[in-house]
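One structure is given here, and the rest of the page talks about it.
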Amino acid sequence: MSKLLRKPNQVEVAPGVKVIHEVTSENSPLEYVAMKVVDLALGASYREELGKVECCIVALTGKINVTDQQETFDEIGTRESVFEKKPTDSVYVSNDRTFAVEAVTEARIILCYSPSEKQLPTRLIKAEDNSIEHRGKYNNKRLVHNILPDSDPSANSLLVVEVFTESGNWSSYPPHKHDQDNLPHESFLEETYYHEMNPRQGFVFQRVYTDDRSLDETMAVENGDVVLVPVGYHPVAVPDGYESYYLNIMAGPKRIWKFHNEPAHEWILERK
Ligand SMILES: O=C[C@H](O)[C@@H](O)[C@H](O)CC(=O)O
């Protein structure tokens, strides 16, 4: 199995708190992006002290209360399933703060981390704050909810976005990359994909590859899997009959999403 593909696990770290995924610089090739997927049983609580990292707490499904011990945000979260296709609530917590999450209902949260030195205000990112995009045409149409885009100054290095791709369509396509710190042409952002499928037994194909093909991994990605994108192009193909969801976390030396399309496939964009 590719080293870029992570299957879900279940590590109970406290009563009613199960860590499904944990990606860190110690267990991955990533230096900027880290993440956790955590399931919370009704009434369960999860607490974390942040060092020199910032965190976006995404209420993926279910309702939660979040506090940074100064402010409290009650009953955030808007959906029971990501496939309701409506934006959800998130909370941004900066470096050197402590936060706690309490499950008002059974909930799944994604904790998105990246480096941060300059402490910024804690902020509730309401569902209605997400900008929504309908990208692509023909068979690469997808719906994008920008949770923490580079146009939002709330964070120091973190970018968070979620993408819905319909049956038989491609996304992150034409293939693009952002693995060179070479602005204004391209930025360097590591990336993770947290995937869900509808129906659940589905899979997508995701390829992660570089121009020189020194990295070239094609994976069958299933519900709940995480894919790591340290470098390279990273297109996703969705089989007929299934819907794909993924949440992307990106971070790098500069908080700018400036990608580079693979020249061989850029003609896709020119079609009328
Ligand atoms: O670089 C960003 C990620 O690859 C996705 O968010 C991608 O941009 C989604 C898409 O445009 O299809």
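Values below: every heavy atom of this structure, side chains too, minus hydrogens, waters and symmetry copies. We count ligands from 1, going down the list as the structure has it; atoms in each ligand are counted the same way.
Atom 7 (C) of ligand 1 has its closest protein heavy atom at Ser172 OG, 3.4 Å.
Close N/O approach between Tyr173 and ligand 1 is not found [any backbone or side-chain N/O within under 3.5 Å]. Residue His176 has at least one N or O atom closer than 3.5 Å to an N or O atom of ligand 1.
Near Arg142, with a cut-off below 4.0 Å to any heavy atom, the atoms of ligand 1 are 10 (C), 11 (O), 12 (O). Close approach to Tyr246 involves these atoms of ligand 1, each under 4.0 Å from a residue heavy atom: 9 (C), 12 (O). Which parts of ligand 1 touch Val163 is read off a 4.0 Å heavy-atom cut-off, strictly below it: atoms 6 (O), 9 (C). Close approach of ligand 1 to His234 (heavy-atom distance below 4.0 Å) involves ligand atoms 1 (O), 4 (O). Annotation for ligand 1: atoms under 4.0 Å from non-hydrogen atoms of Tyr193 are 3 (C), 4 (O), 5 (C). Atoms of ligand 1 found under 4.0 Å from any heavy atom of Val161 (numbered from 1 in listed order, with element): 6 (O).
Residue contacts with ligand 1 for Phe259 are absent, since no atom lies close enough (heavy atoms, distance under 4.0 Å).
Between Asp39 and Arg108 there is a salt bridge, since at least one side-chain N of the basic residue sits less than 4.0 Å from a carboxylate O of the acidic one.
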Assess the residue pair Glu133 and Arg142 against the criterion (salt bridge (Lys or Arg N to Asp or Glu O under 4.0 Å)); give the C-alpha distance rounded to whole Å, side-chain angles, the decisive distance to 0.1 Å, and a yes or no. CA-CA 8 Å; Glu133 291 179 57; Arg142 61 275 196 197; over 6 Å; no
Using residues 224-233 as the side-chain source, report each donor-acceptor pair under 3.5 Å to any protein atom, sequence neighbours left out, with the distance given to one decimal.
| from | atom 1 | to | atom 2 | distance (Å) |
| --- | --- | --- | --- | --- |
| Asp225 | OD1 | Lys7 | NZ | 3.2 |
| Asp225 | OD2 | Lys7 | NZ | 2.7 |
| Asp225 | OD2 | Glu222 | N | 2.8 |
| Tyr233 | OH | Asp211 | OD1 | 2.7 |
| Tyr233 | OH | Asp211 | OD2 | 3.3 |

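Note: His176 and His234 have perpendicular aromatic rings, judged against thresholds of 30 and 60 degrees for the angle between ring planes. Ring planes of Phe83 and Tyr245: perpendicular class, angle over 60° (limits at 30 and 60°).
Ile147 has its side chain within reach of Leu247: a pair of non-hydrogen atoms, C-beta onward, lies under 4.5 Å apart. Between Glu22 and Thr24 there is a side-chain heavy-atom pair separated by less than 4.5 Å.
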